[in-house]
Amino acid sequence: MTSVVFVHGTGVRIESYEKSFTRVSRGMARARPEAEMVRCYWGDTCGASLGLDGASIPVRDKNRGVLDEPPADDPTALWAVLLAAPLAELRAYAAEAEAGGTGAAGFVPGQRDPWEVFAQRVRTLPTESLDVSPDLAPYLHQALDRVASELVLLPAGSPQDGGVNALTARAVTAVVLNLADDAEGDDDPLPVDGAERDALAEQLAELLGGTDRAFGRVGTSAKWLGGQALQILFWDHSELAVRYRRGMTGKAVPATGDILRYQARGAELRSRIADTVRRTRAAAPDRPVVLIAHSLGGIACVDLLAMEPSLKVDLLVTVGSQAPFLYEMDALTGLRRGEPLPDSFPRWLNVYDERDLLGFVASKVFPGRAVDHRVDTRQPFPWSHSAYFAHRKLYDWLAKELP
């Protein structure tokens, strides 16, 4: 049996930690049911908070864009747009149809508008057969109703095109994710794997009647995605940046302030982790102890294990962590750039996603001492930074690597 200590990252507080701990425990139970999960929550006393009610933060009228140039045909970029504006793709379809003069094909005065008929189908979809994550299921009917309410407002186009089923399914999925994310109550996006997201959208499309288009591709909106509408959405108005402005500017102090506080008061957090490891080791001396640490938690664990050679840990797993980056900048507390990891440092596995802008590789920085493992959650940033622990393949891999 192995003891697995889960150390969270920046911006996490108790309610969010318990949800994350439950997700990790659920994933580990599938992969290694004999493993014992151990909490290491530090956001209460080691996290940051504003003492003057945010008096130091200026108010800005306009947000900077998050992209220099919009991508031409990228499903992940499409989801980045939809997570900021779930109805954008449907509205672009209707606008494109209106510009082409197609209008609402088959519409006869005195009969119900085709969009109203389609909206009613969306609102009353029989969803009982859907395989939906328990994190998302409570918000499905609300999302269907919200999208249906918007469908009747579309200016033109025809819902008879099979491709509209896919557009509508993606819109509903994006609303579900936003509702679940808002209910999560913290500043990091809800951990959802891209495969789970796409599976929900595909099931919804099938319920609507299916589509003859490649579901994973942009479909009818390919031209729009690479054109002016995406530039307006991302570059000028930057709805995605607006949605996550709190985390990006520092107004959400738990998300950014924890990092700054750790740089100045990191001993408190390292002590919390060390105490948890010692208690876990004392409770079961014969069990291997594994640290799984996300983001800032990974930085703290690398610092701790470099500074305290007597602390016995059998395996360190950092996930979406910046420790290699800080070492390269000579900004890591526990180890100066150019210094090797101490002989006492445990086996180190480092997990990253190329789309996670806060995840870095360790094997090139610590050759022979760290092993990288790349995952693809198929989520855009910043969702990708939180999606690791919803990614089933991560646990399949961990099952083989844990002692």
Side-chain angles (χ1 to χ4, degrees), residues 19-20 22-32 71 73-84 86 89 125 127 129-140 143-144 165-181 184 188-208 210-211 213-219 221 225 240 292 294 317 319-320 349 351-359 372-401:
K19 291 178 180 178
S20 297
T22 298
R23 289 188 192 99
V24 176
S25 299
R26 200 162 55 211
M28 290 301 302
R30 287 194 301 265
R32 289 285 293 269
D73 187 1
D74 181 356
T76 302
L78 173 62
W79 279 109
V81 174
L82 293 177
L83 291 170
E89 193 179 17
L125 276 182
T127 59
S129 62
L130 294 180
D131 181 14
V132 186
S133 160
D135 293 325
L136 305 180
Y139 310 100
L140 185 56
L144 289 168
N165 296 335
L167 307 188
T168 304
R170 284 194 284 260
V172 173
T173 300
V175 173
V176 168
L177 290 174
N178 280 332
L179 290 171
D181 183 39
E184 189 80 353
D188 281 335
L190 177 75
V192 178
D193 183 48
E196 181 181 354
R197 174 203 65 208
D198 291 347
L200 173 57
E202 194 164 354
Q203 290 179 80
L204 288 168
E206 288 301 317
L207 276 182
L208 286 167
T211 173
R213 305 182 184 227
F215 189 84
R217 294 183 60 79
V218 174
S221 60
L225 182 62
L240 188 63
I292 297 181
H294 183 229
V317 181
V319 181
L349 302 177
V351 181
Y352 73 99
D353 186 329
E354 288 181 347
R355 292 189 178 96
D356 175 15
L357 303 185
L358 298 177
D372 291 318
H373 179 70
R374 183 175 69 86
V375 300
D376 183 6
T377 65
R378 293 159 53 196
Q379 287 284 45
F381 183 80
W383 290 72
S384 55
H385 188 59
S386 300
Y388 292 100
F389 298 113
H391 188 56
R392 292 197 175 196
K393 290 183 179 179
L394 174 64
Y395 300 101
D396 295 337
W397 172 75
L398 282 174
K400 303 173 185 177
E401 299 291 344

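What you are looking at is a predicted structure, and each value in this text was computed from that prediction instead of being measured.
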> What heavy-atom pair brings Pro191 and Ser386 nearest, and what distance separates the two atoms?
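Taking Pro191 first and Ser386 second, the nearest heavy atoms are CB-O, 2.7 Å.
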
> For a side-chain contact (heavy atoms from CB on, under 4.5 Å) with Tyr139, tell me which candidate from Leu144, Leu179, Val132 qualifies.
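Answer to the side-chain contact (heavy atoms from CB on, under 4.5 Å) test with Tyr139 among Leu144, Leu179, Val132: Leu179.
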
> Hey, can you pull the donor-acceptor pairs under 3.5 Å for the side chains in residues 392-399, sequence neighbours left out?
| residue | atom | partner | partner atom | Å |
| --- | --- | --- | --- | --- |
| Tyr395 | OH | Phe389 | O | 2.7 |
| Trp397 | NE1 | His373 | ND1 | 3.4 |

> Arg23 and Asp135: which non-hydrogen atoms are nearest, and at how many Å?
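For Arg23 versus Asp135, the nearest heavy atoms are NE-OD2, 3.2 Å.
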
> For Ser129 and Gln203, which heavy atoms make the closest approach, and how far apart are they?
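Nearest heavy atoms, Ser129 then Gln203: O-OE1, 4.4 Å.
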
> Kindly say whether Ala387 contributes a backbone atom to a donor-acceptor pair with the side chain of Asp193 at under 3.5 angstrom?
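No.
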
> State which residues pass ring-ring contact (aromatic ring centres under 6.0 Å, His included) with Tyr388; sequence neighbours excluded, sorted by chain then number.
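For Tyr388 there are no ring-ring contact (aromatic ring centres under 6.0 Å, His included) partners, ignoring immediate neighbours.
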
> Is it true that a side-chain atom of Asn165 and a backbone atom of Gly210 form a donor plus acceptor pair closer than 3.5 Å?
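It does hold such a pair.
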
> Sub-3.5 Å donor-acceptor pair from the side chain of His294 to the main-chain atoms of His385, do we have one?
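Flag set: sc His294 to bb His385 pair under 3.5 Å.
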
> Give the minimum heavy-atom separation between Ala171 and Pro86, together with the two atoms involved.
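So the two residues come closest at CB-O, 3.4 Å.
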
> So if I apply the side-chain contact (heavy atoms from CB on, under 4.5 Å) rule between Leu130 and each of Leu207, Leu136, Leu125, which one comes out positive?
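It is Leu207; the other options fail the test.
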
> Check each of Arg355, Arg197, Glu196 against Gln379 using the side chain to side chain donor-acceptor pair (under 3.5 Å) test, and report the only one that passes.
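Among the candidates, only Arg197 passes.
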
> Roughly how far, to the nearest 0.5 Å, is CG of Asp198 from CZ of Arg378?
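Answer for the CZ-CG pair, Arg378 versus Asp198, is 4.0 Å.
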
> Please report the closest heavy-atom contact between Arg26 and Pro134, naming both atoms and the distance.
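Shortest heavy-atom contact: NH1-CG, 4.2 Å.
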
> What closest approach, in Å, do Leu82 and Ala174 show between heavy atoms, and which atom pair accounts for it?
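Leu82 and Ala174 have their closest heavy atoms at O-CB, 3.5 Å.
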
> Mark yes or no for whether Asp353, through its side chain, and Thr377, through its backbone, hold a donor-acceptor pair below 3.5 Å.
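Yes; at least one donor-acceptor contact below 3.5 Å.
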
> Check side-chain contact (heavy atoms from CB on, under 4.5 Å) between Asp372 and all other residues, then give those that pass, not counting sequence neighbours.
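Here the qualifying residues are Asn350, Tyr352, Val361, Ala362, Ser363.
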
> To the nearest 0.5 Å, what is the distance between CG on Asp356 and CG on Asp376?
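Asp356 atom CG to Asp376 atom CG measures 12.0 Å (nearest 0.5 Å).
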
> Would a distance-only check, ignoring hydrogens and angles, find a side-chain to backbone donor-acceptor pair under 3.5 Å from Asp181 to Leu190?
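Yes; judged by distance alone, with no hydrogens or angles, the pair exists.
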
